[in-house]
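A short write-up of the structure that comes next.
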Amino acid sequence: MSSKPVLKTDVKNPLWLLAELTYDCPLHCPYCSNPVQMSERKDECDTETWKKVLSEAREMGAVQLGFSGGEPLLRKDLEALVAHASELGFYTNLITSGIGLTEKRIKGLKEAGLDHIQLSFQAANADENDLIGNKRHSFEQKLAVAKLVKQYDYPMVLNFCLTRQNIDKIADVLALSCELGGDFVELATVQYYGWAYLNRDHLLPTKEQLVAAEATVNRFRDTQGDDEPKFIFVTPDYYETRPKACMNGWATTFLTVTPDGSALPCHSAKILPLTFPNVKESSLEKIWHEDFSFNKFRGLDWLPSPCRDCDEKEKDFGGCRCQAFMLTGDMHKTDPVCDKSPDHYLIQAAIAKSKQPRENLFYRDPKTDIPVHLIQE
Amino acid sequence: MATPKLNPLYKFQFEKAQDAFVLLYPEGMITLNGSAGEIIQMVNGQRDVDTIISELVAKFPDVEGIDKDIHEFLDHAHEKKWIKYVE
């Protein structure tokens, strides 16, 4: 089936820019979605390049901007970038572990115009939190940061990544979230990309754990007061029978720029056998509208069977390209999460395999020596 | 008389790309239609509901039933927590 060239006028501009400022991070969570092979700090974009990227994205109509990483606080120019983004009229989100967020910086970021802080926790108690992030005293630092975020009047989103290790204590997570006064709380069952994919057999909760956790959250919601946090429960798609509408469709809404300047339609796409352009060499406008890889999975014409003839294709666009690639080795296939996919057995096999992990658990650390067969799998 | 103000969780601005007023919040955006945008624009924690109605009636004298529309929208906005009423 030949694919129709996508005309520039058919393509909507991005609304969301995710600026991954650095892969460096003081924490080492095994569920991190960053790539296992991370670029080095010396290859990071400089301040002027980031400012150019922000200006170009805003000019195209992007309005939501996430400063992420790694840990974006490790960039000394974060305040300068926030100030630039704020002047451009972005809604600026800082997505942080909280480590290194001193009162001086939180005040400086407020003055620069930062709109919102999303603070991650690894668990609702110090021992488990510090073990999962592999950093001592990180829990107490996060508690202090949460107080500062409120003190400086930021909207606060709390993010808890749920795995087999911490999901059973979700009631504690709900209680802590209320105590800290989060506005929104993401209870995000980990999705299996990057380091999380490498460690999937250890991290994937059982179906029973998931059902119990969701029931606890629903019971809690029923009794919640009006001023308490809004809880958002994200289920892992391994237990679904239809794939997620990944990124709202390939290159329709989201644009990620990685620390070294690669422009991607999603933060995981670099694993795909495609060449992605770099913002150091090209404008975002040109990248978004003309780049081969950005056009590759746009629209519905490229869809494989069984998606091609499926009446749900406009809901999920065939699912996630990275997941199709990781599980089947072919990025063109239907996301195997879908139970109409001939490859759906791979998801079921992964769930079965996770019950008895054979490999070690790897902490996210660029110095970790990962057996080659695991990277190539 | 009740005086509405914007919930500080939301940021209100005009977006050229949408050609509309929007409410921005952590990682999200609500695009407002023309009349919703006009009403939220008047919400500042100073004007009470009657003042908002009279100013919008003056601005759009040909629109019938504008007061009912404004009440309905403000109820909706309050339910969605986009606005709060000043104590």
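Throughout, protein chains are lettered first and strands after them, A, B, ... in sequence-line order, and every chain is numbered starting at 1.
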Residues 20-29 of chain B vs chain A, non-hydrogen distance cutoff under 4.5 Å, contacting residues -> B/L24, B/Y25, B/P26, B/E27, B/G28, B/M29

Against chain A, residues from residues 44-67 of chain B with at least one heavy atom under 4.5 Å, in numeric order, are none

Practice problem: Flag this pair as yes if the NZ/CZ of A/R58 is under 6.0 angstrom from the six-membered ring centre of A/W16 and inside a 45 degree cone about the axis; otherwise no. | Solution: no

Report task. Cation-pi check, A/K107 to A/Y152: give yes when NZ or CZ is under 6.0 Å from the six-membered ring centre and within 45° of the ring axis, no otherwise. Result ->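 Not flagged: A/K107 not positioned over aromatic ring of A/Y152.
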
Looking only at B/E15, B/K16, B/Q13, the option with the highest number of non-hydrogen pairs under 4.5 Å against chain A is B/E15

Would you say the side chains of [X] and [Y] form a donor-acceptor pair under 3.5 Å?
{"X": "A/Y31", "Y": "A/Q122", "result": "yes"}
{"X": "A/H267", "Y": "A/N34", "result": "no"}
{"X": "A/S97", "Y": "A/E71", "result": "yes"}
{"X": "A/K230", "Y": "A/Q224", "result": "no"}
{"X": "A/H84", "Y": "A/S55", "result": "yes"}

May I ask you to test the [X]-[Y] pair for a side-chain heavy-atom distance under 4.5 Å?
{"X": "B/Y85", "Y": "B/T3", "value": "no"}
{"X": "A/N159", "Y": "A/F121", "value": "no"}
{"X": "A/L18", "Y": "A/V257", "value": "no"}

When the 4.5 angstrom heavy-atom criterion is applied to A/L15 and chain B, the contacting part is side chain

*So which of A/I117, A/V157, A/D226 has the biggest tally of heavy-atom pairs under 4.5 Å with chain B?*
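Highest number of pairs under 4.5 Å: A/D226.
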
With chain B, the option among A/H116, A/M60, A/Q118, A/M156 that has the most non-hydrogen atom pairs under 4.5 Å is A/H116

Quiz item: Are B/W82 and B/H76 close enough that their ring centres sit under 6.0 Å apart?
Solution: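 Here the rings of B/H76 and B/W82 have centres that are less than 6.0 Å from each other.
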
